[in-house]
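Predicted model only: the values in this text are computed from it and were never measured. Just follow the structure's listing: the first ligand is 1, and inside any ligand the first atom is 1.
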Amino acid sequence: MGTGPEPAIASLATEDERVAPPEDFVADAHVRDADVLRRADEDWQGWGAEQAGNLRWLAPWQRVLDWTPPHAQWFVGGQLNVADNCLDRHVEAGHGEQVAFHWEGEPGDARALTYAELRDEVARCANALRALGVRRGDRVNIYLPMVPELPVAMLACARIGAIHSVVFAGFSAQSLVDRIEDAGSRGLITADGSYRKGRVVPLKEAADEAMARTDVVDTCLVVRRTGEPVAMQEGRDHWYHDLVPTQSADCPPEPMDAEDVLFILYTSGTTGKPKGITHTTGGYLTQVAATARLVFDLKPDHDVYWCAADIGWVTGHSYIVYGPLANRVTSLLYEGAPDHPAPDRLWEMIARHRATILYTAPTAIRSFMRAGPEHPAAHDLSSLRLLGTVGEPINPEAWRWYHRHIGGGRCPIVDTWWQTETGAIMITPLPGLTHTKPGAAQQPFPGIKPVVVDNEGTPVEPGQGGYLTLQRPWPGMLRTIWGDDQRYRDTYWSRFGEEVYFAGDGAKLDADGDIWLLGRVDEVMNVSGHRISTTEVESALVDHPSVAEAAVAGRADALTGQAIVAFVTLAHDAQERSDLVDELRAHVADRIGKLARPAEVHLAPDLPKTRSGKIMRRLLTDIAEGRELGDVTTLANPDAVRELAERARQEATSRSSGNSE
Ligand code: ATP
Ligand code: MG
């Protein structure tokens, strides 16, 4: 033991499968020459400065980088404003009439905001915040559904130099309290409610509950969305529609230092207590603008871009709000559930808006697979030219389905690895250059230096697995954990030394040196002394035609150390039959090797997921080991998980009583 999370198995036999970018895509692509990667690697600071140069600076920087590990400062002495870069400069360049967001509410109401309208709305909202006493450096919590006021509120904070902390609207009152108190936010921006799967969610009620539990907030701005009656506390609560429209649209953007904090965002908490990831102004905007442009190959005059995430996650911060707006692209913004009122909601919207780029998550893709290819097939998706995925390793099977049924076999797929901490995409194909491999994020973004290392920190050879590290500072990196710099050092910079960022994910290099993500290091199982990645077993299961989604966990086993327990949901057209479990076990053994054959396979109605759609394997381990489930209310689907635990318990009981006979 003691080596990295090296898989016991070479891999699923997909490394040789490559998809070349179509010629017409390459002809127009921003990057089609591998020389870009070489050049950025040789002079990574110069490359960073070149990207920063695409922004509008109010004062030039004196030094590109000050690096006192593990603390970096980028573009030292430079000044800029993020809202100015995302809005004003485009309006001044004559693009005020271009649509920034085509917004659509879940009930079907819609609104288009041009760059000029968005600029003015942001300026008025910024003046309203000032009128409420919010000052530069103050923290403002934003607890809003996916309505236009959400990006407006973020950009209004950025305009006056207030620090925003967005809390996903699906989170509970207590999660909001924790984040308000940790950040010390005096301002809160929320709404009366939101729509989710046709139901009204009473958001202000949750905000009231939160404000009753903490006295940190002294001012609250409330957007009217659903029109349901809500309580308004005199002096503290103000209606957005009373205050904002009467403000002046004249609000000069505050010149911010490159290293001033732009926002705090708490990680989703898959692995423990959420961390207040802190991002600054100049480096962050540089990195999100550059990655959005080059990874999504954005063409501001032609593209209709859609990142179908929620702004409450970092994906939405970087690739719904800041990256696309910095590049002056036209985006779709959608409030509700992807399957409401029908499973083809997304496809219908893509066809109607002639969307060209779609960025979503493996969990969503697997649920589309489960609903069946007839839904996308019923719509004209020929406008799409590029697809992206983020959030979890994508199973090769889901990748191929996405490529075929959504991308019509014609769209390159960018599988983008990054984290709340990294701020922007770090490992990804470049769509006009990379010959993609289903299931692999593959290559560093220009200037980034990912290195897969073993337990001692030594780089592994092609064909081997280990820990993923980043061995160079990058402009968009987190600067600290809000209020807890020691935790910042301990979490990311202690495992392999102060100059090596430890991402917490396992990865492997294939024979070509391409990077495959294996999931979190703490999710690698140890079976009879062999380290087996949960991701690979899951991929093998999803590869079976009857399986829609799979999650795998290890449970303690006296004989083998750990035994593999799998939970699977079935495809929409699959039948539950008695020999299926044995067939699935045999399928894994055939695909990976006998060692990886699950000891148990449970058919599940649903898998435990966070609200951001990630499988909670920690909980599955509890279920597999028959422990009491702790608090499951922060999950997306607590009832399904309780049912799953109950089923597993019954199966275990019948198994052990069977054994004793
Ligand atoms: P917490 O850190 O609080 O547990 P989290 O890690 O789920 O939460 P995020 O920062 O949103 O919060 O997610 C980043 C993680 O998501 C990565 O560390 C990685 O495990 C996974 N991930 C993201 N993109 C990919 C990808 N393309 N391939 C594989 N894994 C990915
Ligand atoms: Mg994380």
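- For ligand 1, the polar-atom distance check finds no N/O of T389 at less than 3.5 Å from any of the ligand's N/O atoms.
- With F171 as the aromatic partner, R179 meets the cation-pi criteria of under 6.0 angstrom to the ring centre and within 45 degrees of the ring axis.
- By the salt bridge (charged side-chain N to carboxylate O under 4.0 Å, His left out) test, D514 pairs with K437, sequence neighbours left out.
- In the vicinity of D505, heavy-atom distances shorter than 4.0 Å reach the ligand 1 atoms 17 (C), 18 (O), 19 (C), 20 (O).
- Comparing E392, M616, E523, K614 against atom 15 (C) of ligand 1, the shortest heavy-atom distance belongs to K614.
- Counted within 6.0 Å of CD on E625, heavy atoms from surrounding residues, nucleotides or ligands total more than 12; the atom is thus considered enclosed.
- Partners of D182 under the salt bridge (charged side-chain N to carboxylate O under 4.0 Å, His left out) rule, at least two apart in sequence or in another chain, do not exist in this structure.
- Note: Y284 and H279 have tilted aromatic rings, judged against thresholds of 30 and 60 degrees for the angle between ring planes.
- Taking a cut-off of under 4.0 Å to the non-hydrogen atoms of T416, the atoms of ligand 1 that pass are 24 (N), 25 (C), 26 (C), 27 (N).
- Backbone and side-chain nitrogen or oxygen atoms of V314 are examined, and none is located within less than 3.5 angstrom of a nitrogen or oxygen of ligand 1.
- For ligand 1, the atoms sitting less than 4.0 Å from at least one non-hydrogen atom of R520 are 4 (O), 5 (P), 6 (O), 7 (O), 15 (C), 20 (O), numbered in the order shown with element in parentheses.
- Taking CG of N327 as the start and CG of L298 as the end, the distance is 5.0 Å to the nearest 0.5 Å.
- Contact annotation for L517 and ligand 1: only side-chain heavy atoms (C-beta onward) come within less than 4.0 Å of the ligand.
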